[in-house]
Number of protein chains: 2
Amino acid sequence: MQELLDNRDMPDSDRGAAAAASGSAATASTPSFSPLYQQIKALLVQGLQAGEWLPGQSIPSEIELAARFRVSQGTVRKAIDEMATENMLVRRQGKGTFVATHAEQSTQYRFLRLMPDDGSAAPLQRHLLECRRMRAPAEVARLLGLKAGEAAVQVRRLLLAAEGRALRPVVLDDLWLPGTPFKGLTAERLQAWRGPMYRLFEAEFSVHMIRAVEKVRAVAAPAEEAGLLQVPVGSPLLSVERLSFTYGDRPVELRRGLYDTAAHHYRNELS
Amino acid sequence: MQELLDNRDMPDSDRGAAAAASGSAATASTPSFSPLYQQIKALLVQGLQAGEWLPGQSIPSEIELAARFRVSQGTVRKAIDEMATENMLVRRQGKGTFVATHAEQSTQYRFLRLMPDDGSAAPLQRHLLECRRMRAPAEVARLLGLKAGEAAVQVRRLLLAAEGRALRPVVLDDLWLPGTPFKGLTAERLQAWRGPMYRLFEAEFSVHMIRAVEKVRAVAAPAEEAGLLQVPVGSPLLSVERLSFTYGDRPVELRRGLYDTAAHHYRNELS
DNA sequence: TAGTGGTCTAGACCACATC
DNA sequence: ATGTGGTCTAGACCACTAA
């Protein structure tokens with residue numbers, strides 16, 4: 001365990017030996033104030049990052065964590081609360097607090113905002129087109145924080161919706177993943193996997209996506225992509241460029257999707 | 001002030017006379033448990049809805065609210081916390097808690113997700129094309145919860161970005177507003193207004209948007225719209241259909257935007 | 001019955017803004 | 001100096017789950 005900074009004048013203190021490190025008597029120049037619960041949160045994030053608790057598993061109870069960190073339960077609570085609202089942890093009353101995973105039905109489509117125009121919830125079929133290791137193109141390397149020419153894995157796949165008894169392609173996804181963490185990712189592995197792709201990344205490669213940023217535009221379908229999506233060349237398609245991040249805000253996936261929005265739409269909640 | 005439900009066995013109770021209304025001894029069949037802080041929150045929302053505190057103004061201090069509702073400060077705190085994360089209130093340490101408004105620079109573009117591809121933050125110019133009262137079309141009436149044929153206000157406008165020393169149209173917005181709350185909305189009023197449109201709605205019509213849902217698609221530019229946006233007919237455009245809500249989750253605006261995403265993109269954060 | 005998270009309280013003290 | 005929100009504590013009790 002690590003020392004916690006104590007920002008107080010320590011009337012009762014025996015909380016570690018970090019007394020003079022920060023707070024009103026701090027020697028540092030500028031911010032130098034971090035609430036205890038933020039420090040606890042940082043430690044918990046470190047634990048997640050280090051794999052101390054794996055997705056789906058429960059973390060120690062609030063009381064146990066409070067004892068471990070020598071703080072009150074309420075302080076641990078506030079740290080966990082924030083992590084829960086950020087979807088890193090999931091609280092379950094009576095059972096415990098669990099590391100979030102992409103396995104659950106509820107979070108199945110947390111990152112896929114495409115919805116059928118009618119409310120139908122039919123899941124999309126996957127069809128893998130390609131999976132190969134390559135040197136990351138300059139732009140990809142830049143966005144993923146790789147050195148020029150470093151290894152990357154490229155994946156291309158289709159998502160298809162049931163239409164009557166036929167299947168219509170709706171999404172064409174191109175993914176780039178950093179080669180190092182995704183060493184053993186092969187077409188076979190992807191092909192065999194049943195379940196969300198991000199769940200595979202968690203289970204097999206210890207990469208947990210917790211956040212992403214998307215840039216959405218309207219584009220005209222290029223010839224090759226139009227063919228794959230079975231739409232006329234030049235049709236309007238939604239281009240969705242996604243950069244996904246793991247715990248340390250490290251980018252670990254670049255994805256470019258082309259969505260056919262004839263019978264689907266990209267749904268977004270503003271607040 | 002209103003009575004609060006007490007879900008406890010009331011060891012100390014003199015908190016109103018609502019003792020038997022709910023809780024473990026409830027006669028109601030199903031949910032029948034609502035934490036105190038949720039009740040407080042509901043009361044505060046009612047206050048906002050009733051205009052007891054106007055956007056930009058401060059609400060009473062936590063201590064004062066705690067006294068008024070006869071609960072502890074911590075309980076009020078939790079209610080306010082939730083409303084703050086939902087962007088209904090804004091907390092300012094040392095100053096107070098304020099009703100959120102669309103006036104502030106920070107929330108200027110809370111609902112407009114369109115960003116220039118380069119980071120430039122040049123604000124968009126507005127150009128009003130139309131503002132007229134009419135009978136709401138069936139589809140509009142349905143979405144806004146109006147009776148068939150009820151009055152509505154339609155607004156059409158362009159947003160233009162500076163490009164060199166020229167202006168390029170980037171957004172074509174079509175809005176429908178319910179006629180009743182927006183009684184006095186005219187082209188002149190809109191024309192004269194400096195500032196965000198939602199700020200006008202707050203200030204002049206007491207309509208505060210707090211939430212919205214958007215459906216985004218790629219479409220081919222129709223002739224008329226292509227002309228207004230100065231793009232070739234059939235160009236891919238982003239179609240953004242937005243339904244905005246006020247306090248009681250009442251829909252009060254339907255907006256259909258066409259975005260030219262040649263030099264801009266729709267930005268979205270996933271978590 | 002025991003253990004977990006969820007609610008609520010009361011009180012102390014800190015950080016920030018204002019007078 | 002005062003008042004506001006922000007942090008932290010300690011303890012009681014409630015709601016839910018599982019053995």
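From a predicted model like this one, the values you see are computed outputs, not experimental measurements. Residue numbering restarts at 1 for every chain, and letters A, B, ... go by the order of the sequence lines. Reckoned from all heavy atoms, side chains included, excluding hydrogens, waters and symmetry mates.
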Can you tell which of C:dT7, D:dT9, C:dT9 lies closest to the side chain of A:S72? D:dT9
Hey, which sits more toward the 5' end of DNA chain C by its nearest nucleotide, A:G94 or A:R77? A:G94
Residues A:Y247, A:H208; criterion ring pair (Phe, Tyr, Trp, His ring centres under 6.0 Å); working and verdict: CA-CA 7 Å; A:Y247 290 121; A:H208 322 293; 5.7 Å; yes
Interatomic distance, B:L159 atom CG to B:R126 atom CZ [nearest 0.5 angstrom]: 8.0 Å
C:dG5 OP1/OP2 closer than 4.0 Å to side-chain N/O of A:T97: yes
Whole angstrom is fine here: how far is it from CD in A:Q38 over to P in C:dA15? 15 Å
Counting heavy atoms from C-beta on, name the nucleotide in C:dT9, D:dG5, D:dC8 closest to the side chain of B:Q93. D:dG5
Do the side-chain N or O atoms of A:S61 get closer than 4.0 angstrom to the phosphate oxygens (OP1, OP2) of C:dG3? no
Choosing from C:dT18, D:dT17, C:dT7, which nucleotide comes nearest the side chain of B:K95? C:dT18
Cation-pi check, A:R242 onto A:F111 ring (under 6.0 Å, within 45° of axis): no
Between C:dG5, D:dT7, C:dT7, which one does the side chain of A:Y37 approach most closely? D:dT7
I want to check a possible cation-pi pair here: B:R92 against B:F98, using under 6.0 Å from ring centre and within 45° of the ring axis as the test. yes
May I have the distance from B:I80 (atom CD1) to D:dG5 (atom P), rounded to whole angstrom? 7 Å
